[in-house]
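Have a look at the structure below, then the notes.
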2 protein chains.
Amino acid sequence: MQDTKDRILDTAERLFAERGYDATSLRAITREAGVNLAAVNYHFNSKESLLRALFGRKLGKLNERRIALLDSYEAEAGVKPVALEKIVRAFVEPVLRLGGDPASGGTGFAMLMGRMYSWPSVQLQRVFVSELREQIGRFRAAFRRALPHLPPRELYWRVFFSIGAMAHALAGSGLLAIISDGVCDPADTDGLVERLIGFMVAGLKAPLSARINGRHGKRAVPAIAHPVHPSASRAGNSTAASRR
Amino acid sequence: MQDTKDRILDTAERLFAERGYDATSLRAITREAGVNLAAVNYHFNSKESLLRALFGRKLGKLNERRIALLDSYEAEAGVKPVALEKIVRAFVEPVLRLGGDPASGGTGFAMLMGRMYSWPSVQLQRVFVSELREQIGRFRAAFRRALPHLPPRELYWRVFFSIGAMAHALAGSGLLAIISDGVCDPADTDGLVERLIGFMVAGLKAPLSARINGRHGKRAVPAIAHPVHPSASRAGNSTAASRR
DNA sequence: GTTCGATTCAAACGATCGTTTTATCGAGGC
DNA sequence: GCCTCGATAAAACGATCGTTTGAATCGAAC
């Protein structure tokens, strides 16, 4: 029955998010889902395929919404570049509102997605990234048009940081409550969306740091690391060890 | 012998970072470390205590460096508030340069730390957060002095995002290489530090978004969610489901 | 009513896990 | 020399894991 498959998927989604993939046994999933243990290997092939199916169920629609939003913003902008804030919104809003859909499994999938960005298993991460890769092209092009004066290398670093902030907000954890001593409400999805967009836009538009050596990165880095910040030498080692 | 304990700690650090805590067996650790299996439960009490000892070994010095940096910056600033960039630097530079210490286990511990911020296990996360809590007070006060015009609630949200960007940069993952198509060099620690600081400072100083309802957060949120962005209604559900 | 494919079920399989037990080793104190 | 005790070694323990097996069950087609 389709009911069995969905119950397994929903329960697995929740338990994977709560306890982690490795720490969640198929017996725990089937017990809480009220189905037989062998049903997992019957409907899906293995535990890993279950996780794969779990993502495939929702990542498709999520990506469609992202692209659709970006399309609509580009259409209304015409020949002019889309405003940076719109691009960021198209990227983060669909995924951040995943948890707000009462018909779906709630916040479980969002937490799982946030944690997926730093997943230990390389093979599972590869699946996740392959779904992401097609969007990277679209958004990368949009970002470059919105920030034409920013060197691509700087832009990519900042997009990397932005994704980190987004992933962390998805994964949640009680950290916000600890930092804010209860002042901030982690369940305020609307506030989260607007604040994260504002944070990311500002970070993406940050002034170029004078401390960054422009010749870096293209592997044309000299053999001796340049001490960037002398007063912080206590934190680092004095010997040159930047090439790793 | 002390050598046995250190070899276990070093190997565990590396394998936990590579494969994750649950996916790493004590047999794999002891095999690669060249020690007997029972040595783990002899020198440490359990696998979880091993992880605890692993963090205790380095978190202490890390926190000391953070506080010492903040102290020095505050001393040189005198009665004036410390520049925001300095506070951010004191917070992120010691941890980001953990991987650059050739005497230590390399990048393993940094990856582990980055992943710890969204650790599934609540009990292990509690240990990690308790080490962090003492610093939160110091840095929260410094941030508030550096950004006196920013409402505390907004500040805490932005610090939360900043920690997310930092944790993601620590956990690494090949995402930066994928985003940048090889243009950015993930091993460029100096560039990472300066760019992340610039990104975080800009995000922390972002202009206040007009979209954010000021009365939010204190749980005085109205029962009906306000549709913030009508054109994005396709992404969200039209019914009110913001209270979760 | 029978057949057949799809689904569910109870039970077991082999493997691996964290932990414990027991024995062995080796350097210092008396 | 014998004894002690911290450290190491080999082996086993009980539990749990993902997966498989083979029979039971069900509904629809003929």
Side-chain angles (χ1 to χ4, degrees), chain A residues 1-57 112 115-116 119-128, chain B residues 1-57 112 115-116 119-128:
Chain A
M1 217 41 174
Q2 190 69 13
D3 186 49
T4 301
K5 290 185 69 168
D6 284 335
R7 279 228 300 280
I8 292 176
L9 285 171
D10 292 339
T11 310
E13 197 171 279
R14 181 170 54 86
L15 292 187
F16 284 163
E18 288 177 2
R19 318 175 183 179
Y21 174 78
D22 288 300
T24 304
S25 68
L26 294 182
R27 285 173 172 81
I29 295 173
T30 53
R31 189 189 324 124
E32 296 214 15
V35 302
N36 190 269
L37 168 62
V40 173
N41 284 282
Y42 177 77
H43 289 288
F44 315 91
N45 282 336
S46 62
K47 186 183 180 183
E48 180 179 324
S49 295
L50 169 62
L51 183 67
R52 225 180 288 265
L54 198 152
F55 276 102
R57 182 172 64 152
L112 208 52
R115 212 170 282 149
M116 203 64 177
W119 199 276
S121 167
V122 178
Q123 50 181 346
L124 290 183
Q125 206 189 39
R126 211 184 306 272
V127 178
F128 183 68
Chain B
M1 217 42 175
Q2 190 69 13
D3 186 50
T4 301
K5 289 186 69 169
D6 284 334
R7 278 229 298 282
I8 292 176
L9 285 171
D10 292 339
T11 310
E13 197 171 279
R14 181 171 54 85
L15 292 186
F16 284 163
E18 288 177 1
R19 317 176 184 180
Y21 174 78
D22 289 301
T24 304
S25 68
L26 293 183
R27 285 174 173 81
I29 295 173
T30 53
R31 189 188 326 125
E32 296 214 16
V35 302
N36 190 269
L37 168 62
V40 174
N41 285 282
Y42 177 78
H43 289 287
F44 315 91
N45 283 336
S46 63
K47 187 182 180 183
E48 180 179 324
S49 295
L50 169 63
L51 182 67
R52 226 181 289 264
L54 198 151
F55 276 103
R57 181 172 65 152
L112 207 51
R115 213 168 282 148
M116 203 64 178
W119 200 275
S121 165
V122 178
Q123 50 181 347
L124 290 183
Q125 206 188 40
R126 212 185 304 272
V127 179
F128 182 68

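Note that the structure is predicted; figures quoted are calculated from it, not measured. Protein chains get the first letters and strands the later ones, always in sequence-line order, with residue 1 at the start of each.
- Atom-to-atom, CD1 of Ile29(A) to C1' of dG18(D) comes out at 11 Å; the value is rounded to the nearest Å.
- Ionic pairing of Asp22(B) and Arg19(A) is not present here: no N-O contact between side-chain nitrogen and carboxylate oxygen is shorter than 4.0 angstrom.
- In this structure, Ile8(A) atom CD1 and dC9(C) atom P are separated by 10 Å, rounded to whole Å.
- Checking dA12(D), dT7(C), dA11(C) against every side-chain atom of His43(A), the shortest atom distance belongs to dT7(C).
- Atom-to-atom, CG of Leu26(A) to P of dT20(D) comes out at 11 Å; the value is rounded to the nearest Å.
- Here dA12(D) is the nucleotide among dA12(C), dA12(D), dC9(C) with the atom lying nearest to any side-chain atom of Arg27(B).
- We find that CZ of Arg31(A) is positioned 14 Å from P of dA10(C), with the value rounded to whole Å.
- At least one side-chain nitrogen or oxygen of Ser25(B) sits closer than 4.0 Å to the OP1 or OP2 atom of dC17(C).
- Remark: P of dA7(D) and CG of Asp6(B) are 13 Å apart, rounded to the nearest angstrom.
- Judged by distance alone, the side chain of Ser49(B) and the main-chain N or O of Arg52(B) form no donor-acceptor pair under 3.5 Å.
- Between Leu50(A) and Leu9(A) the shortest side-chain heavy-atom distance falls below 4.5 Å.
- Whole-Å rounding puts the Asp22(A) CG to dT16(C) P distance at 16 Å.
- Side-chain contact between Tyr21(B) and Leu112(B) is absent, with no heavy-atom pair separated by less than 4.5 Å.
- Nearest nucleotide to the Tyr42(B) side chain, out of dC17(C), dT8(D), dT19(D): dT8(D).
- In the set dT8(C), dA10(D), dG18(D), dT8(C) carries the atom at the smallest distance from any side-chain atom of Asn36(A).
- Computed from coordinates, the Asn41(A) CG to dT19(D) P distance equals 5 Å when rounded to whole Å.
- Nucleic acid contact for Thr24(B): sugar-phosphate only, since backbone atoms but no base atoms lie under 4.0 Å from a heavy atom of the residue.
- Atoms CG (Asp3(A)) and C1' (dT8(C)) sit 13 Å apart, rounded to a whole Å.
- Checking dA12(D), dG18(D), dC9(C) against the side-chain heavy atoms of Leu37(B) singles out dA12(D) as nearest.
- Each of Arg27(B), Arg7(B), Arg14(B) was compared with Glu32(B) under the side chain to side chain donor-acceptor pair (under 3.5 Å) criterion, and only Arg14(B) meets it.
- Of the side-chain N and O atoms in Thr4(B), one or more sit less than 4.0 angstrom from OP1 or OP2 of dT8(D).
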